[in-house]
Amino acid sequence: MSGFQSPRGLRDIREPDASAFAWAEEHAWSAALAAGYARIQLPVAEDSALFERAIGGTSDVVTKELYRLAVRSEESTPLALRPEVTAGVVRAYLQHGMRSEPQPVRLVTVAELFRHDRPQKGRYRQFTQFDIEAIGDAGSGIDIEVIELGTAYLRSVGLRDIEVHLNSVGCPTCRPGYLVVLAKHFAAVADRLSPVDQARLEENPLRLLDSKDEVAVAHAKGAPRFVEHLCADCAEHDRAVREGLSIAGVTVVDAPHLVRGLDYYTKTAWEYLLPGEQGQQGALGGGGRYDGLVELLGGPATPGVGFAIGIDRVVLALQERGLTPAPQRPPAVVVCGIEPGSVGMRIAIASELRASGVSARADVSTRKIGKQLESAVRDTAIAVIIVEPDGSLSLRDLAAGSQAEPGARAMVVSAAAQLARTQGGQ
RNA sequence: GUGGCCAUCGUUCAAUGGUUAGGACCGCGGUUUGUGGAGCCGCAGAUGAGGGUUCAAUUCCCUCUGGCCACCCCA
(Lines give C-alpha, C1' and ligand atoms only; values in the text may rest on other atoms or scores of the structure.)
Protein backbone atom coordinates (compact mmCIF):
# COMPACT_ATOMS: atom_id res chain seq x y z
CA MET A 1 0.00 0.00 0.00
CA SER A 2 1.40 3.35 -1.00
CA GLY A 3 0.05 5.27 1.94
CA PHE A 4 -2.07 7.40 -0.32
CA GLN A 5 -5.81 7.02 -0.45
CA SER A 6 -8.32 8.86 -2.54
CA PRO A 7 -9.58 11.85 -0.57
CA ARG A 8 -12.82 11.54 1.32
CA GLY A 9 -15.86 11.51 -0.86
CA LEU A 10 -13.78 11.25 -4.05
CA ARG A 11 -13.61 7.83 -5.59
CA ASP A 12 -12.23 5.75 -8.40
CA ILE A 13 -14.84 4.29 -10.66
CA ARG A 14 -13.69 0.98 -12.08
CA GLU A 15 -15.23 -1.81 -14.06
CA PRO A 16 -17.93 -2.88 -14.10
CA ASP A 17 -19.16 0.45 -12.71
CA ALA A 18 -17.19 2.43 -15.26
CA SER A 19 -19.11 0.84 -18.14
CA ALA A 20 -22.42 1.47 -16.42
CA PHE A 21 -21.48 5.10 -15.95
CA ALA A 22 -20.45 5.58 -19.54
CA TRP A 23 -23.63 3.89 -20.66
CA ALA A 24 -25.84 6.08 -18.48
CA GLU A 25 -24.05 9.19 -19.69
CA GLU A 26 -24.34 8.22 -23.34
CA HIS A 27 -28.07 7.71 -22.94
CA ALA A 28 -28.31 11.13 -21.34
CA TRP A 29 -26.56 12.90 -24.17
CA SER A 30 -28.50 11.12 -26.85
CA ALA A 31 -31.88 11.63 -25.19
CA ALA A 32 -31.30 15.37 -25.10
CA LEU A 33 -29.58 15.71 -28.46
CA ALA A 34 -32.42 13.87 -30.16
CA ALA A 35 -34.80 16.44 -28.69
CA GLY A 36 -32.85 19.34 -30.13
CA TYR A 37 -30.79 20.33 -27.12
CA ALA A 38 -27.32 21.63 -27.93
CA ARG A 39 -24.22 20.37 -26.19
CA ILE A 40 -22.41 22.75 -23.93
CA GLN A 41 -19.26 22.13 -21.92
CA LEU A 42 -18.65 24.50 -19.05
CA PRO A 43 -15.60 25.15 -16.90
CA VAL A 44 -15.44 23.26 -13.60
CA ALA A 45 -14.73 26.46 -11.73
CA GLU A 46 -16.40 29.85 -11.81
CA ASP A 47 -16.18 33.12 -9.98
CA SER A 48 -17.32 32.26 -6.43
CA ALA A 49 -19.65 35.23 -6.47
CA LEU A 50 -21.61 33.67 -9.32
CA PHE A 51 -22.63 30.78 -7.10
CA GLU A 52 -23.19 32.96 -4.08
CA ARG A 53 -25.54 35.16 -6.04
CA ALA A 54 -27.36 32.38 -7.87
CA ILE A 55 -27.80 29.82 -5.13
CA GLY A 56 -28.16 32.25 -2.26
CA GLY A 57 -25.45 33.38 0.13
CA THR A 58 -27.11 31.74 3.13
CA SER A 59 -27.83 28.36 1.54
CA ASP A 60 -25.99 25.30 2.79
CA VAL A 61 -24.47 24.72 -0.59
CA VAL A 62 -22.72 28.07 -0.46
CA THR A 63 -21.98 28.40 3.23
CA LYS A 64 -20.55 24.98 3.91
CA GLU A 65 -20.33 22.92 0.80
CA LEU A 66 -18.54 25.17 -1.65
CA TYR A 67 -14.98 24.27 -2.60
CA ARG A 68 -13.27 27.63 -2.75
CA LEU A 69 -9.96 27.67 -4.59
CA ALA A 70 -6.99 29.40 -3.03
CA VAL A 71 -6.47 32.83 -4.54
CA ARG A 72 -3.12 32.99 -6.30
CA SER A 73 -2.56 36.70 -6.46
CA GLU A 74 -4.00 40.02 -5.42
CA GLU A 75 -5.75 40.66 -8.70
CA SER A 76 -7.20 37.22 -9.32
CA THR A 77 -10.90 36.68 -8.75
CA PRO A 78 -11.79 34.10 -6.10
CA LEU A 79 -12.89 30.91 -7.81
CA ALA A 80 -14.95 27.98 -6.63
CA LEU A 81 -15.54 24.50 -7.99
CA ARG A 82 -19.05 24.27 -9.39
CA PRO A 83 -21.58 22.80 -6.97
CA GLU A 84 -24.33 22.82 -9.60
CA VAL A 85 -24.61 23.71 -13.26
CA THR A 86 -27.49 26.10 -13.74
CA ALA A 87 -25.54 29.16 -12.62
CA GLY A 88 -22.78 28.41 -15.11
CA VAL A 89 -25.23 27.86 -17.93
CA VAL A 90 -26.96 31.14 -17.25
CA ARG A 91 -23.60 32.90 -17.11
CA ALA A 92 -22.72 31.41 -20.50
CA TYR A 93 -26.12 32.41 -21.87
CA LEU A 94 -25.46 36.01 -20.95
CA GLN A 95 -21.77 36.06 -21.85
CA HIS A 96 -22.40 34.80 -25.38
CA GLY A 97 -25.48 36.84 -26.08
CA MET A 98 -27.66 33.78 -26.50
CA ARG A 99 -30.73 35.95 -26.07
CA SER A 100 -30.32 36.84 -29.72
CA GLU A 101 -30.70 33.20 -30.69
CA PRO A 102 -34.14 31.66 -31.20
CA GLN A 103 -35.75 31.26 -27.78
CA PRO A 104 -35.83 29.17 -25.78
CA VAL A 105 -32.18 28.21 -25.91
CA ARG A 106 -32.02 24.51 -25.19
CA LEU A 107 -28.81 23.19 -23.68
CA VAL A 108 -27.51 19.88 -22.33
CA THR A 109 -24.45 18.98 -20.41
CA VAL A 110 -23.07 16.17 -18.32
CA ALA A 111 -20.95 17.70 -15.62
CA GLU A 112 -18.78 16.78 -12.68
CA LEU A 113 -19.85 18.75 -9.63
CA PHE A 114 -18.26 19.28 -6.24
CA ARG A 115 -19.89 19.68 -2.88
CA HIS A 116 -18.13 19.43 0.46
CA ASP A 117 -20.80 17.26 2.04
CA ARG A 118 -20.46 14.39 4.47
CA PRO A 119 -20.21 11.41 2.13
CA GLN A 120 -22.62 8.51 2.18
CA LYS A 121 -23.72 5.95 -0.32
CA GLY A 122 -25.14 7.78 -3.32
CA ARG A 123 -23.72 11.03 -2.08
CA TYR A 124 -20.19 12.00 -2.95
CA ARG A 125 -18.09 15.12 -2.93
CA GLN A 126 -17.52 14.76 -6.62
CA PHE A 127 -20.52 13.59 -8.56
CA THR A 128 -21.92 13.71 -12.06
CA GLN A 129 -25.12 15.29 -13.22
CA PHE A 130 -27.01 15.11 -16.46
CA ASP A 131 -28.34 18.63 -16.82
CA ILE A 132 -30.87 20.18 -19.16
CA GLU A 133 -31.71 23.86 -19.35
CA ALA A 134 -34.22 25.72 -21.52
CA ILE A 135 -33.82 29.46 -21.21
CA GLY A 136 -36.07 32.17 -22.60
CA ASP A 137 -39.55 30.71 -22.60
CA ALA A 138 -42.07 31.55 -19.88
CA GLY A 139 -44.78 29.21 -21.15
CA SER A 140 -45.92 26.07 -19.41
CA GLY A 141 -45.23 24.07 -22.55
CA ILE A 142 -41.51 24.09 -22.07
CA ASP A 143 -41.95 22.87 -18.48
CA ILE A 144 -43.85 19.90 -19.82
CA GLU A 145 -41.19 19.24 -22.44
CA VAL A 146 -38.38 19.30 -19.91
CA ILE A 147 -40.15 17.16 -17.31
CA GLU A 148 -41.10 14.59 -19.93
CA LEU A 149 -37.55 14.47 -21.23
CA GLY A 150 -36.26 13.51 -17.81
CA THR A 151 -38.79 10.75 -17.36
CA ALA A 152 -38.13 9.45 -20.84
CA TYR A 153 -34.43 9.31 -20.08
CA LEU A 154 -34.91 7.42 -16.82
CA ARG A 155 -37.25 5.00 -18.51
CA SER A 156 -34.80 4.51 -21.37
CA VAL A 157 -32.12 3.26 -19.01
CA GLY A 158 -34.58 0.80 -17.49
CA LEU A 159 -35.93 2.71 -14.51
CA ARG A 160 -39.53 2.32 -15.61
CA ASP A 161 -41.18 2.80 -12.26
CA ILE A 162 -39.86 6.24 -11.38
CA GLU A 163 -42.28 8.78 -10.00
CA VAL A 164 -42.47 12.45 -10.81
CA HIS A 165 -43.33 14.45 -7.74
CA LEU A 166 -44.66 17.85 -8.67
CA ASN A 167 -45.37 21.06 -6.84
CA SER A 168 -45.45 24.77 -7.45
CA VAL A 169 -43.36 27.03 -5.26
CA GLY A 170 -44.97 30.22 -6.53
CA CYS A 171 -43.29 33.44 -7.45
CA PRO A 172 -42.29 36.68 -5.73
CA THR A 173 -45.90 37.81 -5.99
CA CYS A 174 -47.53 34.98 -4.10
CA ARG A 175 -44.77 33.35 -2.08
CA PRO A 176 -44.55 35.94 0.72
CA GLY A 177 -48.26 35.61 1.37
CA TYR A 178 -48.04 31.85 1.54
CA LEU A 179 -45.06 31.97 3.89
CA VAL A 180 -47.09 34.03 6.31
CA VAL A 181 -49.97 31.57 6.21
CA LEU A 182 -47.59 28.68 6.65
CA ALA A 183 -45.70 30.28 9.52
CA LYS A 184 -48.97 30.99 11.26
CA HIS A 185 -49.94 27.34 10.93
CA PHE A 186 -46.73 26.11 12.55
CA ALA A 187 -46.60 28.89 15.12
CA ALA A 188 -49.38 27.04 16.93
CA VAL A 189 -46.96 24.27 17.83
CA ALA A 190 -43.79 26.35 17.91
CA ASP A 191 -42.84 25.36 21.45
CA ARG A 192 -43.05 21.66 20.64
CA LEU A 193 -40.93 21.93 17.51
CA SER A 194 -37.32 20.71 17.53
CA PRO A 195 -34.67 23.44 17.79
CA VAL A 196 -33.79 22.95 14.13
CA ASP A 197 -37.42 23.38 13.14
CA GLN A 198 -37.87 26.43 15.33
CA ALA A 199 -35.02 28.04 13.47
CA ARG A 200 -36.67 27.10 10.22
CA LEU A 201 -39.91 28.65 11.36
CA GLU A 202 -38.02 31.92 11.63
CA GLU A 203 -35.83 31.72 8.55
CA ASN A 204 -37.47 29.49 5.99
CA PRO A 205 -40.88 28.09 6.90
CA LEU A 206 -41.03 26.19 3.60
CA ARG A 207 -38.45 23.79 4.99
CA LEU A 208 -40.81 22.76 7.75
CA LEU A 209 -42.83 20.88 5.17
CA ASP A 210 -39.75 18.82 4.53
CA SER A 211 -38.79 18.10 8.13
CA LYS A 212 -38.22 14.55 9.44
CA ASP A 213 -39.08 15.51 12.99
CA GLU A 214 -42.24 13.86 14.33
CA VAL A 215 -43.98 17.01 15.49
CA ALA A 216 -43.32 18.85 12.26
CA VAL A 217 -44.27 15.87 10.12
CA ALA A 218 -47.55 15.49 11.99
CA HIS A 219 -48.34 19.14 11.75
CA ALA A 220 -47.28 19.36 8.12
CA LYS A 221 -50.06 17.00 7.18
CA GLY A 222 -52.68 19.59 7.85
CA ALA A 223 -50.61 22.49 6.57
CA PRO A 224 -52.08 24.85 4.01
CA ARG A 225 -51.08 23.89 0.50
CA PHE A 226 -49.11 26.24 -1.67
CA VAL A 227 -51.19 25.35 -4.71
CA GLU A 228 -54.18 26.91 -2.96
CA HIS A 229 -52.36 30.18 -2.34
CA LEU A 230 -50.82 30.75 -5.75
CA CYS A 231 -51.44 33.99 -7.60
CA ALA A 232 -53.59 33.79 -10.71
CA ASP A 233 -50.62 33.58 -13.02
CA CYS A 234 -48.87 30.80 -11.07
CA ALA A 235 -52.11 28.90 -10.59
CA GLU A 236 -52.85 28.88 -14.29
CA HIS A 237 -49.29 27.86 -15.09
CA ASP A 238 -49.50 24.99 -12.62
CA ARG A 239 -52.85 23.87 -14.00
CA ALA A 240 -51.53 23.90 -17.57
CA VAL A 241 -48.39 21.95 -16.65
CA ARG A 242 -50.39 19.23 -14.91
CA GLU A 243 -52.87 18.97 -17.72
CA GLY A 244 -50.15 18.88 -20.35
CA LEU A 245 -48.17 16.22 -18.54
CA SER A 246 -51.21 14.06 -18.23
CA ILE A 247 -51.86 14.31 -21.95
CA ALA A 248 -48.17 13.68 -22.66
CA GLY A 249 -48.44 10.44 -20.72
CA VAL A 250 -46.41 11.47 -17.70
CA THR A 251 -48.07 10.40 -14.48
CA VAL A 252 -47.49 12.88 -11.75
CA VAL A 253 -47.69 12.56 -8.00
CA ASP A 254 -48.94 15.71 -6.33
CA ALA A 255 -46.31 16.70 -3.76
CA PRO A 256 -47.48 19.70 -1.76
CA HIS A 257 -44.53 19.31 0.60
CA LEU A 258 -41.88 19.30 -2.06
CA VAL A 259 -39.52 22.23 -1.68
CA ARG A 260 -36.23 22.46 -3.48
CA GLY A 261 -32.98 23.39 -1.87
CA LEU A 262 -31.86 26.16 -4.17
CA ASP A 263 -33.38 29.58 -3.68
CA TYR A 264 -33.87 30.49 -7.29
CA TYR A 265 -36.75 28.18 -8.11
CA THR A 266 -40.14 29.64 -9.01
CA LYS A 267 -43.42 28.06 -10.04
CA THR A 268 -42.92 24.50 -11.24
CA ALA A 269 -40.69 22.33 -9.06
CA TRP A 270 -40.32 18.59 -9.34
CA GLU A 271 -38.27 15.58 -8.39
CA TYR A 272 -37.66 12.19 -9.94
CA LEU A 273 -37.99 9.54 -7.24
CA LEU A 274 -37.75 5.79 -6.98
CA PRO A 275 -40.64 4.42 -4.99
CA GLY A 276 -39.63 2.16 -2.12
CA GLU A 277 -36.22 3.73 -1.69
CA GLN A 278 -35.58 5.68 1.46
CA GLY A 279 -33.66 8.87 1.79
CA GLN A 280 -30.63 9.63 -0.29
CA GLN A 281 -30.82 7.08 -3.03
CA GLY A 282 -34.48 7.76 -3.64
CA ALA A 283 -34.03 11.15 -5.23
CA LEU A 284 -32.55 10.63 -8.65
CA GLY A 285 -32.89 14.20 -9.69
CA GLY A 286 -35.00 17.25 -9.71
CA GLY A 287 -35.70 20.44 -11.48
CA GLY A 288 -37.66 23.58 -11.56
CA ARG A 289 -38.39 26.88 -13.16
CA TYR A 290 -36.11 29.80 -12.34
CA ASP A 291 -37.72 32.91 -13.76
CA GLY A 292 -35.72 35.36 -11.72
CA LEU A 293 -32.25 33.90 -12.07
CA VAL A 294 -31.07 35.49 -15.29
CA GLU A 295 -31.98 38.91 -14.01
CA LEU A 296 -30.38 38.13 -10.66
CA LEU A 297 -27.15 37.44 -12.50
CA GLY A 298 -27.24 40.76 -14.26
CA GLY A 299 -29.15 39.97 -17.43
CA PRO A 300 -32.50 41.09 -18.74
CA ALA A 301 -35.54 39.49 -17.12
CA THR A 302 -35.56 36.05 -18.74
CA PRO A 303 -37.40 32.91 -17.67
CA GLY A 304 -35.86 29.44 -17.61
CA VAL A 305 -36.48 25.82 -16.64
CA GLY A 306 -34.19 22.86 -16.18
CA PHE A 307 -33.44 19.67 -14.36
CA ALA A 308 -30.46 17.78 -13.05
CA ILE A 309 -30.32 14.02 -12.71
CA GLY A 310 -27.57 12.36 -10.70
CA ILE A 311 -25.74 9.84 -12.84
CA ASP A 312 -24.18 8.29 -9.75
CA ARG A 313 -27.62 7.57 -8.36
CA VAL A 314 -28.94 6.30 -11.64
CA VAL A 315 -26.07 3.82 -11.75
CA LEU A 316 -26.71 2.81 -8.14
CA ALA A 317 -30.38 2.21 -8.89
CA LEU A 318 -29.46 0.19 -11.96
CA GLN A 319 -27.12 -1.99 -9.93
CA GLU A 320 -29.64 -2.56 -7.17
CA ARG A 321 -32.10 -3.76 -9.77
CA GLY A 322 -29.63 -5.83 -11.72
CA LEU A 323 -30.12 -3.67 -14.79
CA THR A 324 -26.48 -2.93 -15.26
CA PRO A 325 -25.34 -3.12 -18.89
CA ALA A 326 -22.75 -5.73 -19.87
CA PRO A 327 -19.23 -4.43 -19.49
CA GLN A 328 -16.98 -3.97 -22.47
CA ARG A 329 -15.90 -7.38 -23.71
CA PRO A 330 -12.22 -8.12 -24.19
CA PRO A 331 -10.68 -8.28 -27.66
CA ALA A 332 -12.03 -10.99 -29.96
CA VAL A 333 -8.65 -11.88 -31.43
CA VAL A 334 -5.36 -12.34 -29.61
CA VAL A 335 -2.12 -12.45 -31.56
CA CYS A 336 0.43 -14.74 -29.90
CA GLY A 337 3.99 -15.82 -30.50
CA ILE A 338 7.03 -16.69 -28.45
CA GLU A 339 10.04 -15.21 -30.20
CA PRO A 340 10.94 -11.82 -28.72
CA GLY A 341 11.59 -10.69 -32.26
CA SER A 342 8.00 -11.34 -33.30
CA VAL A 343 6.45 -8.88 -30.86
CA GLY A 344 6.49 -6.05 -33.37
CA MET A 345 4.76 -8.21 -35.91
CA ARG A 346 2.13 -9.34 -33.41
CA ILE A 347 1.34 -5.71 -32.63
CA ALA A 348 1.15 -4.81 -36.29
CA ILE A 349 -1.28 -7.64 -36.96
CA ALA A 350 -3.49 -6.69 -34.01
CA SER A 351 -3.50 -3.11 -35.20
CA GLU A 352 -4.44 -4.20 -38.71
CA LEU A 353 -7.38 -6.17 -37.32
CA ARG A 354 -8.58 -3.20 -35.32
CA ALA A 355 -8.35 -0.99 -38.36
CA SER A 356 -10.74 -3.37 -40.06
CA GLY A 357 -13.15 -3.09 -37.16
CA VAL A 358 -12.32 -6.23 -35.20
CA SER A 359 -11.18 -5.88 -31.61
CA ALA A 360 -7.76 -7.43 -31.15
CA ARG A 361 -4.71 -7.34 -28.95
CA ALA A 362 -1.24 -8.76 -29.14
CA ASP A 363 0.16 -10.91 -26.39
CA VAL A 364 3.41 -9.06 -25.98
CA SER A 365 5.01 -11.59 -23.69
CA THR A 366 7.44 -14.38 -24.48
CA ARG A 367 5.58 -16.86 -22.31
CA LYS A 368 4.93 -20.38 -23.44
CA ILE A 369 2.17 -20.69 -25.99
CA GLY A 370 0.10 -22.69 -23.54
CA LYS A 371 0.01 -19.77 -21.12
CA GLN A 372 -0.84 -17.34 -23.85
CA LEU A 373 -3.71 -19.51 -25.03
CA GLU A 374 -4.92 -19.92 -21.50
CA SER A 375 -5.10 -16.19 -20.98
CA ALA A 376 -6.82 -15.69 -24.35
CA VAL A 377 -9.41 -18.28 -23.41
CA ARG A 378 -10.02 -16.69 -20.06
CA ASP A 379 -10.55 -13.39 -21.80
CA THR A 380 -13.25 -15.07 -23.89
CA ALA A 381 -11.38 -14.40 -27.10
CA ILE A 382 -12.85 -15.97 -30.22
CA ALA A 383 -9.68 -16.62 -32.17
CA VAL A 384 -5.95 -16.66 -31.72
CA ILE A 385 -3.36 -15.98 -34.37
CA ILE A 386 0.02 -17.55 -33.67
CA VAL A 387 3.07 -16.05 -35.28
CA GLU A 388 5.26 -19.06 -36.14
CA PRO A 389 9.05 -18.90 -35.88
CA ASP A 390 9.29 -18.76 -39.66
CA GLY A 391 6.94 -15.77 -39.82
CA SER A 392 3.95 -17.65 -41.16
CA LEU A 393 0.67 -17.41 -39.24
CA SER A 394 -1.62 -20.04 -37.78
CA LEU A 395 -5.24 -19.32 -37.00
CA ARG A 396 -6.82 -21.13 -34.09
CA ASP A 397 -10.57 -21.15 -33.56
CA LEU A 398 -11.00 -21.29 -29.80
CA ALA A 399 -14.62 -22.39 -29.79
CA ALA A 400 -14.05 -25.21 -32.24
CA GLY A 401 -10.62 -26.06 -30.91
CA SER A 402 -9.35 -26.35 -34.45
CA GLN A 403 -6.24 -24.90 -35.96
CA ALA A 404 -5.54 -24.35 -39.64
CA GLU A 405 -2.20 -25.01 -41.31
CA PRO A 406 0.08 -21.97 -41.22
CA GLY A 407 -0.55 -19.59 -44.06
CA ALA A 408 0.29 -16.22 -45.49
CA ARG A 409 -0.42 -13.12 -43.44
CA ALA A 410 -3.12 -11.49 -45.56
CA MET A 411 -5.13 -14.66 -45.74
CA VAL A 412 -4.91 -15.53 -42.06
CA VAL A 413 -5.73 -12.01 -40.93
CA SER A 414 -8.83 -11.81 -43.05
CA ALA A 415 -9.91 -15.28 -41.96
CA ALA A 416 -9.51 -14.25 -38.32
CA ALA A 417 -11.54 -11.11 -38.90
CA GLN A 418 -14.20 -13.19 -40.58
CA LEU A 419 -14.35 -15.59 -37.69
CA ALA A 420 -14.55 -12.78 -35.14
CA ARG A 421 -17.37 -11.13 -37.04
CA THR A 422 -19.52 -14.22 -37.38
CA GLN A 423 -19.01 -15.45 -33.83
CA GLY A 424 -18.81 -12.09 -32.18
CA GLY A 425 -22.45 -11.44 -32.92
CA GLN A 426 -23.73 -14.40 -31.01
C1' G B 1 -21.29 20.28 9.90
C1' U B 2 -23.58 16.76 14.36
C1' G B 3 -24.18 11.75 16.35
C1' G B 4 -23.29 6.48 15.79
C1' C B 5 -21.15 1.76 13.67
C1' C B 6 -16.85 -0.04 11.15
C1' A B 7 -11.42 -0.86 9.11
C1' U B 8 -6.68 -7.91 8.28
C1' C B 9 -3.38 -9.69 1.25
C1' G B 10 -6.39 -6.97 -5.10
C1' U B 11 -11.34 -9.68 -3.30
C1' U B 12 -13.75 -12.56 0.55
C1' C B 13 -13.28 -14.69 5.21
C1' A B 14 -10.19 -16.61 9.73
C1' A B 15 -6.96 -15.95 14.18
C1' U B 16 -4.22 -14.06 18.47
C1' G B 17 -1.85 -9.46 24.49
C1' G B 18 3.64 -13.60 23.05
C1' U B 19 7.72 -17.81 17.59
C1' U B 20 7.18 -17.33 10.47
C1' A B 21 -1.13 -13.47 10.99
C1' G B 22 -4.10 -18.69 8.23
C1' G B 23 -7.54 -20.26 4.14
C1' A B 24 -10.31 -19.49 -0.39
C1' C B 25 -10.75 -16.66 -4.99
C1' C B 26 -7.76 -13.68 -8.38
C1' G B 27 -2.62 -13.04 -10.37
C1' C B 28 2.20 -15.22 -11.74
C1' G B 29 5.08 -19.66 -12.48
C1' G B 30 5.83 -25.17 -12.80
C1' U B 31 3.54 -29.84 -14.25
C1' U B 32 10.00 -32.60 -18.43
C1' U B 33 10.76 -28.42 -22.32
C1' G B 34 5.28 -24.44 -28.62
C1' U B 35 -1.07 -25.41 -27.91
C1' G B 36 -6.94 -24.41 -23.69
C1' G B 37 -10.61 -22.27 -18.25
C1' A B 38 -9.62 -28.65 -14.72
C1' G B 39 -6.22 -31.23 -11.26
C1' C B 40 -1.62 -31.22 -8.59
C1' C B 41 2.73 -28.25 -6.87
C1' G B 42 4.95 -23.58 -5.97
C1' C B 43 5.54 -17.99 -5.71
C1' A B 44 3.80 -13.14 -4.66
C1' G B 45 0.44 -10.43 -1.57
C1' A B 46 -2.51 -7.62 4.41
C1' U B 47 -3.21 -5.99 10.16
C1' G B 48 -5.11 2.16 6.87
C1' A B 49 -1.58 6.15 9.53
C1' G B 50 0.51 8.16 14.01
C1' G B 51 0.83 8.17 19.17
C1' G B 52 -0.02 5.72 24.07
C1' U B 53 -0.59 1.47 27.83
C1' U B 54 2.49 -3.09 28.26
C1' C B 55 8.31 -6.98 29.13
C1' A B 56 5.32 -7.73 24.55
C1' A B 57 -0.26 -4.81 20.40
C1' U B 58 -2.81 -6.65 14.63
C1' U B 59 -5.61 -7.35 19.39
C1' C B 60 -6.62 -2.47 24.73
C1' C B 61 -6.84 3.35 24.71
C1' C B 62 -6.42 8.19 21.95
C1' U B 63 -5.92 11.09 17.47
C1' C B 64 -6.02 11.18 12.26
C1' U B 65 -7.57 9.02 7.60
C1' G B 66 -11.29 6.40 4.95
C1' G B 67 -16.21 3.63 4.47
C1' C B 68 -21.25 3.04 6.01
C1' C B 69 -25.96 4.68 8.80
C1' A B 70 -29.07 8.63 10.76
C1' C B 71 -29.51 13.96 10.94
C1' C B 72 -28.47 18.32 8.03
C1' C B 73 -28.79 18.96 2.98
C1' C B 74 -29.22 17.38 -1.77
C1' A B 75 -28.05 14.60 -6.88
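Chain letters run A, B, ... following the sequence lines, proteins first and then strands; every chain starts at 1. Side-chain atoms are counted along with the backbone in the values below, which use heavy atoms only and exclude waters and symmetry mates.
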Value in whole Å for how far the P atom of B/G36 lies from CD of A/E374: 9 Å
Pairing nucleotide - B/C25, Watson-Crick or G-U, each distance under 3.5 Å: B/G10
Distance, rounded to the nearest Å, where A/D197 contributes CG and B/U2 contributes P: 20 Å
Side-chain donor-acceptor pair present, A/N167, A/H257, cut-off under 3.5 Å: no
Polar side chain donor-acceptor pair, A/D131 to A/T109, under 3.5 angstrom: no
Sugar-phosphate only, base, or nothing, as touched by A/E65 at under 4.0 Å among non-hydrogen atoms: sugar-phosphate
Whichever of A/H116 and A/G310 has its nearest RNA chain B nucleotide further upstream toward 5': A/H116
Sugar-phosphate, base or nothing in reach of A/D60, heavy atoms under 4.0 Å: sugar-phosphate
Sugar-phosphate, base or nothing in reach of A/E388, heavy atoms under 4.0 Å: base
Sugar-phosphate only, base, or nothing, as touched by A/D213 at under 4.0 Å among non-hydrogen atoms: nothing
Whole-angstrom distance between B/A24 and B/C40, as gauged at atom P: 10 Å
Integer-rounded Å distance: B/C73 P and A/L208 CG: 10 Å
Between B/C26 and B/C43 - C1' atom distance, rounded Å: 14 Å
Donor-acceptor side-chain pairing of A/H165 and A/E163 below 3.5 angstrom: yes
5′-ward residue of the pair A/F127/A/R367 relative to RNA chain B: A/R367
Rounded distance in Å between the P positions of B/C13 and B/C71: 27 Å
Under 4.0 angstrom between A/Q120 side-chain N/O and B/A70 OP1 or OP2: yes
Between B/C9 and B/C28 - C1' atom distance, rounded Å: 15 Å
Between B/A44 and B/G29 - P atom distance, rounded Å: 15 Å
Between B/A14 and B/G52 - C1' atom distance, rounded Å: 28 Å
Sidechain-backbone polar pair: A/D397 side chain, A/A400 backbone, donor-acceptor under 3.5 Å: yes
Enclosure of A/E15 CD (heavy-atom neighbours >12, cutoff 6.0 Å): yes
Separation between the C1' atoms of B/U58 and B/A46, rounded to whole Å: 10 Å
Nearest to side-chain heavy atoms of A/K64, which nucleotide of B/G29, B/G67, B/C72: B/C72
Nearest listed nucleotide, side chain of A/R123, among B/G37, B/C74, B/C72: B/C72
Pair A/T86, A/E133: side-chain N/O donor-acceptor within cut-off below 3.5 Å: yes
Sugar-phosphate only, base, or nothing, as touched by A/R200 at under 4.0 Å among non-hydrogen atoms: sugar-phosphate
Whole-angstrom distance between B/U35 and B/G30, as gauged at atom P: 12 Å
